[in-house]
Protein chains: 2
Amino acid sequence: MNSSDVSANLSLDEVRDNFISQWGAFGSHWGINRTMAQIHALLMTGLEALSTDEVMAKLSVSRGNAHTNLKELVSWGLVRIVVKKGDRKEYFDAERDVWKIFTIILRERQRREIDPALDLLRNCQEETKGLEGAEAEAFRNQVKELENFVSFARNLGSKVDKLSYGPAMKLAAKFLG
Amino acid sequence: MNSSDVSANLSLDEVRDNFISQWGAFGSHWGINRTMAQIHALLMTGLEALSTDEVMAKLSVSRGNAHTNLKELVSWGLVRIVVKKGDRKEYFDAERDVWKIFTIILRERQRREIDPALDLLRNCQEETKGLEGAEAEAFRNQVKELENFVSFARNLGSKVDKLSYGPAMKLAAKFLG
DNA sequence: CTGAATTTTCAGTAATTACTGAAATTGATG
DNA sequence: CATCAATTTCAGTAATTACTGAAAATTCAG
């Protein structure tokens, strides 16, 4: 490693650290907490799988925090456990394929947010089915409109989820063109 | 108003209050805070525009909270101010059209979350343009992939935003069919 | 088994975000 | 311009969410 490499590496680390920290802030707008998004960004932009201790060191977070968020990422499917032979530690590596990342987050958010919202909308209609009067009509109608839209969006999401990157891009290109 | 109306109204209010409170919780997953989402739900599912005091009473929130969130909703375009002649108070009424609600939220989130994310991704590429080595390559490449995807999504969003409900449904139907 | 390395849990605390309530400001009216 | 209803602001506080660090549990090699 010569001196220009050193300066290049320092600079890369600076840019990368900045990226990781800011990406974490975006994550929190997307149902993914800051540390979770930062860990994913760290693993996704690096070459190698890292151990819990390495993640702790790179992000200056506690063991508990690193552990909880790594496991959460694994449960989402955004990170996988890598075992290195002759080493008892677990290493973690991130999903890097943007389309896969997108569909995983889409699926998770549908499950956690859209589906319960649909349940609520449907229950509200059920529970006010027999009620008469302008107020009840207005309520039921608005809830029905919301349900129509949300279940439509839900269906679109499911379809998109099933597409792979290539076909999705082709379709989108057609739409954008 | 006869006794069956009374019982019907009580029941409607129960269902509606429950809806408003739960809808508020969903809002917080969508970049809209709880009270803001609740106020929108309250106004959207009722027939009449309400004053700040009425909102305070219906949701049991403080004047400051009601005021701030009403004004925020107005600034988003999800609520409009209604003036009643011979009354100094301001009244507030919500946008009820689901497609308009959707495009308003879409536009706001693109501005607040997607555009800054794109800036970050582009800056990171710019700042590492000259760097060599496997690590720099990997970083730059992953960031580029993310940018491709996010800017693609951004474009799709803009297109959707410009569609009105009818054409949007027709397109979607084609896709879903 | 034993004990060291590693993972997991969780009570306590910190950081963040949202809300209250009262005071300051605005602006319409006589 | 004095008054009063209504709106706006914001310092202080409450509620929520995330994190720490140490202790408990697990795993595995010898």
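Predicted, not measured: the structure shown is a model, and the values here were computed from it. Each chain gets a letter, A, B and so on, in the order its sequence line appears, and its residues count up from 1.
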Charged N-O contact under 4.0 Å between A/Asp115 and A/Arg154: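 Yes, A/Asp115 and A/Arg154 are salt-bridged.
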B/Lys71 bridged to B/Glu90 by N-O distance under 4.0 Å: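 Result for this pair is yes, salt bridge flagged.
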Mind running a 4.0 Å heavy-atom check of residues 59-93 of chain B against DNA chain D and sending the residues that fall below it, in number order?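 Result for residues 59-93 of chain B: B/Arg63, B/Gly64, B/His67, B/Lys71, B/Arg88, B/Lys89, B/Glu90, sorted by number.
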DNA chain D-proximal residues of residues 32-41 of chain A, any heavy atom under 4.0 Å: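 Per residue number, the list reads A/Asn33, A/Arg34, A/Thr35.
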Rounded distance [0.5 Å steps], CZ in A/Phe102 versus CG in A/Asp161: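 Reported to 0.5 Å precision, the distance equals 8.5 Å.
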Starting at CE of A/Met44, measure out to CD1 of A/Ile39 and round the result to the nearest 0.5 Å.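 Those atoms lie 12.5 Å apart.
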Over 60° means perpendicular and under 30° means parallel, so tell me whether B/Phe149 and A/Trp99 are parallel, tilted or perpendicular.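 Answer is perpendicular, since the angle exceeds 60°.
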For A/Asn65 and A/Asn69, which I'm curious about, is there any donor-acceptor pair between the side chains at under 3.5 Å?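 Side-chain D/A pair, A/Asn65 to A/Asn69: present.
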Residues A/Glu54, A/Lys58; criterion salt bridge (Lys or Arg N to Asp or Glu O under 4.0 Å); working and verdict: CA-CA 6 Å; A/Glu54 287 166 327; A/Lys58 293 264 188 189; over 6 Å; no
Cation-pi check for B/Trp23 against B/Arg34: NZ or CZ below 6.0 Å from the six-membered ring centre and within 45 degrees of the axis, yes or no?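 Geometry flag: not set, cation outside 6.0 Å or 45°.
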Between [atom2] of [N] and [atom1] of [X], the distance in whole Å:
| X | N | atom1 | atom2 | value |
| --- | --- | --- | --- | --- |
| A/Asp53 | D/dT20 | CG | P | 14 Å |
| B/Leu50 | D/dA6 | CG | P | 15 Å |
| B/Met56 | C/dA18 | CE | C1' | 16 Å |

